[in-house]
Amino acid sequence: MMEKKRSDCPALPPGWKKEEVIRKSGLSAGKSDVYYYSPSGKKFRSKPQLSRYLGNKVDLGCFDFRTGKMLPGKMQKSKQRLRHDQLGLAKGGKPDLNTALPIRQTASIFKQPVTKVTSHPSNKVKADLQRASEQPRQLFWERRLKGLQSSDVSEGVLRTMALPKGLQSVGPDSSDDTLLSAIASALHMSSAPITGQTTMAAEKNLAIWLNTSQPLCKSFTVTDEQIREQELKVYQARRSLEDALMADGLARAAENTQELLEGQTA
């Protein structure tokens, strides 16, 4: 389903129309497309097409294609840039088209070109031990993820995933939502395997024996059955996404066909 709104465009010559098409269904629901129609009924989908058709009749330098208005900010910046260029040329300045090497600005009598040396056999790279060592990390940084929720394009809160029973959080004020966010962050930021806190002493004094590279959860083991179940879920999700993209493509094709038929009948 599409909602179309057509109105006059005062920024363009008389007779020009602006049409805004709002999508009501599919993955792109809520988004809109903007088109322009000439007095003869020709359709334009982009600003370059519009500029090629109008030529020198209308200056579209500060024309905003989506709103259909001339933006004063763009016009003022364009005038300032043009005035600055004209002033520079009037003072005898020329465009910098020289591709030669830069000249060394020293007290030497003779000008010498700058030589750039990227590598040399005698160069030795010294290792910075302070930088090479592991950088400190903040303890219990996962608490900053508390209260964050994911939402879709319509700003609706997505349903939280249910964690397996084998995943048990440790640490102060740790909930399932925070643990899920911490595991997702660890998978995204590190290529190392996620094992949880494997040290038994971490349960007694987490502030001392905490492994900062692992999320705040007890050690767990992933079985082959759990891997197969997850693979099935991923396969089903991909099929659903493929069906949704196919439906969206068919809807776009039907819309284009309907527009062509309307143009032929007009």
Side-chain angles (χ1 to χ4, degrees), residues 1-100 102 149-158 238-266:
M1 296 294 294
M2 299 286 180
E3 179 183 351
K4 299 182 179 180
K5 298 180 181 179
R6 184 173 295 192
S7 59
D8 295 333
C9 183
L12 297 178
W16 282 80
K17 302 287 184 181
K18 173 194 171 187
E19 184 181 59
E20 184 176 4
V21 181
I22 303 176
R23 305 172 190 173
K24 295 293 185 179
S25 60
L27 297 176
S28 58
K31 297 184 178 180
S32 61
D33 300 318
V34 177
Y35 308 103
Y36 288 87
Y37 292 88
S38 65
S40 61
K42 188 174 181 180
K43 185 177 181 180
F44 298 88
R45 300 174 179 269
S46 63
K47 185 176 179 179
Q49 292 180 354
L50 196 63
S51 180
R52 286 194 298 268
Y53 182 80
L54 291 175
N56 297 329
K57 297 179 181 179
V58 181
D59 184 10
L60 300 179
C62 54
F63 178 72
D64 186 45
F65 190 82
R66 176 156 291 275
T67 61
K69 299 179 180 179
M70 295 290 186
L71 299 182
K74 289 186 177 181
M75 185 181 301
Q76 186 176 4
K77 290 181 179 180
S78 179
K79 289 183 178 179
Q80 291 178 355
R81 190 184 307 110
L82 180 60
R83 189 182 303 112
H84 182 270
D85 295 341
Q86 291 177 351
L87 183 61
L89 293 176
K91 291 183 178 180
K94 295 182 179 179
D96 186 10
L97 303 178
N98 187 16
T99 58
Q149 294 179 334
S150 303
S151 58
D152 53 14
V153 293
S154 61
E155 298 185 359
V157 179
L158 298 177
R238 288 180 176 176
R239 288 299 304 270
S240 300
L241 179 59
E242 182 181 357
D243 295 341
L245 292 175
M246 182 67 69
D248 186 69
L250 293 176
R252 285 177 173 270
E255 178 191 356
N256 294 334
T257 304
Q258 183 67 24
E259 291 179 356
L260 290 176
L261 294 176
E262 292 178 356
Q264 292 177 359
T265 55

Please check if atom NZ in K4 has more than 12 non-hydrogen atoms from other residues, nucleotides or ligands closer than 6.0 Å. yes
Side chains of P13 and V58, heavy atoms from C-beta outward: is any pair under 4.5 Å? yes
Can you measure from OG (S51) to NZ (K57) and round to the nearest 0.5 angstrom? 12.5 Å
Just how far is it from atom CG of L260 to atom CD of E255, taken to the nearest 0.5 Å? 10.5 Å
Honestly, is K43 close enough over Y35, meaning NZ or CZ under 6.0 Å from the six-membered ring centre and within 45° of the axis? yes
Tell me, yes or no, whether the heavy-atom count around K69 atom NZ, taken from other residues, nucleotides or ligands under 6.0 Å, exceeds 12. no
Contact between L54 and L12 at the side-chain level, heavy atoms closer than 4.5 Å - yes or no? yes
Below 6.0 angstrom between ring centroids: does that apply to F44 and Y53? yes
salt_bridge(E259, R45) N-O dist < 4.0 Å: yes
E19 side chain to Y36 side chain, donor-acceptor N/O pair below 3.5 angstrom: no
Is the backbone N or O of G61 less than 3.5 Å from a side-chain atom of D59, with the two atoms forming a donor-acceptor pair by type? yes
Which one of K5, R23, K18 satisfies the salt bridge (charged side-chain N to carboxylate O under 4.0 Å, His left out) criterion with D33? R23
Do you know the tightest heavy-atom contact between L50 and F63? CD2-CE2, 3.9 Å
So, T67 and D64: side-chain donor and acceptor under 3.5 Å apart, yes or no? yes
Which of D243, D248, L241 passes side chain to side chain contact (heavy atoms under 4.5 Å, CB included) with L245? Answer is L241
Nearest heavy atoms of A11 and G68, plus distance in Å: CB-O, 3.5 Å
Just verifying a value: how many Å separate F65 CZ and K47 NZ, rounded to the nearest 0.5 Å? 9.5 Å
So E3 and K31, salt bridge (charged side-chain N to carboxylate O under 4.0 Å, His left out) or not? Walk me through it. CA-CA 11 Å; E3 179 183 351; K31 297 184 178 180; over 6 Å; no
Worked verdict on S38 versus K17 for side-chain contact (heavy atoms from CB on, under 4.5 Å): CA-CA 7 Å; S38 65; K17 302 287 184 181; over 6 Å; no
